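Each remark here refers to the structure printed beneath this line.
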Amino acid sequence: MKGDKLWDDFLHGDSVAFSQLYQQHASMLYSYGFKISHNASITEDCIHDLFVYLWNKRDSLSQTDSPSKYLVVSFRRMLVKKLSSRQKEGIFSVEDFSNISDVLPENAESLWIHQEENSLKQFKLTDAMSKLSKRQQEALHLKYIEEMSYEDICEIMEINYQSVRNLISKALFELRNLMTED
């Protein structure tokens, strides 16, 4: 089902459409939420709380042309509120930013060298990511891991378009500099 039609069907009480929305988005919300909370239980609770809230309030919810964006924005607000109420700190496990997947060489020695090089790259990337601000880490995650548009990131992070572009640009510049340091 197309996202808009699925959302519309859900708003009209279709439990199958609601189930499909959950199935299509729960995994992505979990991945995103866990990077923010570092807590599986809190992340899962927020996902379930979000979908219970949506089902209970479906009569008063409005139509959207991007259910994914709507869900991420709503989920983020709910998660941040829950974390704030529990006074938790810390965003992102930078290991999740290390999607370094080059073509694997064919022989065992080359494979071992390749794995060592990737381990070193991953270590350097992890170290460099940890030196970025929490907001920079979040923006990079949304842009390059969740593959969201700048407009979507603006809404999720509640900052303007130019601020998102500047945040990501500065983060990439800092990462590049940190990765080339010896």
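Only this structure's heavy atoms are used, side chains among them; waters, hydrogens and symmetry mates stay out. Bear in mind that the values here come from a model prediction, so they are computed numbers and not experimental data.
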Please find the pair of heavy atoms, one from [X] and one from [Y], that lie closest to each other, and give the distance.
X	Y	result
Ala128	Met179	CB-SD, 4.0 Å
Arg58	Gly13	NE-CA, 3.5 Å
Phe51	Leu29	CE1-CD1, 3.9 Å

Assess whether atom OH of Tyr150 is packed by more than 12 heavy atoms of other residues, nucleotides or ligands within 6.0 Å.
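Enclosed.
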Answer yes if the side chains of Asn160 and Ser163 hold a donor-acceptor pair under 3.5 Å, and no otherwise.
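There is such a pair (donor and acceptor under 3.5 Å, judged by atom type) between the side chains of Asn160 and Ser163.
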Given side chains that start at C-beta, do those of [X] and [Y] come closer than 4.5 Å, heavy atoms only?
X	Y	value
Val72	Met28	yes
Leu175	Leu125	yes
Ile168	Tyr144	yes

Is it true that a side-chain atom of [X] and a backbone atom of [Y] form a donor plus acceptor pair closer than 3.5 Å?
X	Y	answer
Arg135	Met157	yes
Thr180	Arg176	yes
Ser74	Tyr70	yes

Partners meeting side-chain contact (heavy atoms from CB on, under 4.5 Å) with Thr43 (sequence neighbours left out):
Tyr30, Phe34, Ser37, Ile47, Phe75
With sequence neighbours excluded, residues passing ring-ring contact (aromatic ring centres under 6.0 Å, His included) with Phe10:
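Checked Phe10 against ring-ring contact (aromatic ring centres under 6.0 Å, His included); matches are Trp7, Phe18.
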Is there a path of hydrophobic side-chain contacts, each under 4.5 Å between heavy atoms, that joins Val80 and Tyr32?
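No, it is not one cluster - the side chains of Val80 and Tyr32 are not joined through contacts under 4.5 Å.
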Interatomic spacing from [atom1] in [X] to [atom2] in [Y] - rounded to 0.5 Å:
X	Y	atom1	atom2	answer
Leu6	Leu11	CG	CG	10.0 Å
Leu142	Glu147	CG	CD	12.0 Å
Gln137	Lys134	CD	NZ	5.0 Å
Leu71	Leu54	CG	CG	6.0 Å
Met78	Cys46	CE	SG	6.5 Å
Cys154	Leu167	SG	CG	10.5 Å

Taking it one step at a time, do Ile145 and Leu140 satisfy side chain to side chain contact (heavy atoms under 4.5 Å, CB included)?
CA-CA 7 Å; Ile145 304 301; Leu140 288 176; over 6 Å; no
Using salt bridge (Lys or Arg N to Asp or Glu O under 4.0 Å) as the criterion, list what pairs up with [X], not counting sequence neighbours.
X	answer
Glu158	Arg77
Lys69	Asp152, Glu155
Glu151	none

Evaluation steps, side chain to side chain contact (heavy atoms under 4.5 Å, CB included), between Leu178 and Asp127
CA-CA 9 Å; Leu178 291 166; Asp127 185 55; over 6 Å; no
Go through the steps to decide whether Leu132 and Met129 satisfy the test side chain to side chain contact (heavy atoms under 4.5 Å, CB included), and finish with yes or no.
CA-CA 5 Å; Leu132 297 178; Met129 286 295 297; 3.8 Å; yes
Begin with the C-alpha distance, continue with both residues' side-chain angles, and end with the deciding distance and a verdict on side chain to side chain contact (heavy atoms under 4.5 Å, CB included) for Lys143 and Met148.
CA-CA 5 Å; Lys143 181 67 180 161; Met148 293 189 167; over 6 Å; no
Tyr22: what forms a side-chain hydrogen bond (donor to acceptor under 3.5 Å, both in side chains) with it, not counting sequence neighbours?
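Result, side-chain hydrogen bond (donor to acceptor under 3.5 Å, both in side chains) vs Tyr22: His48.
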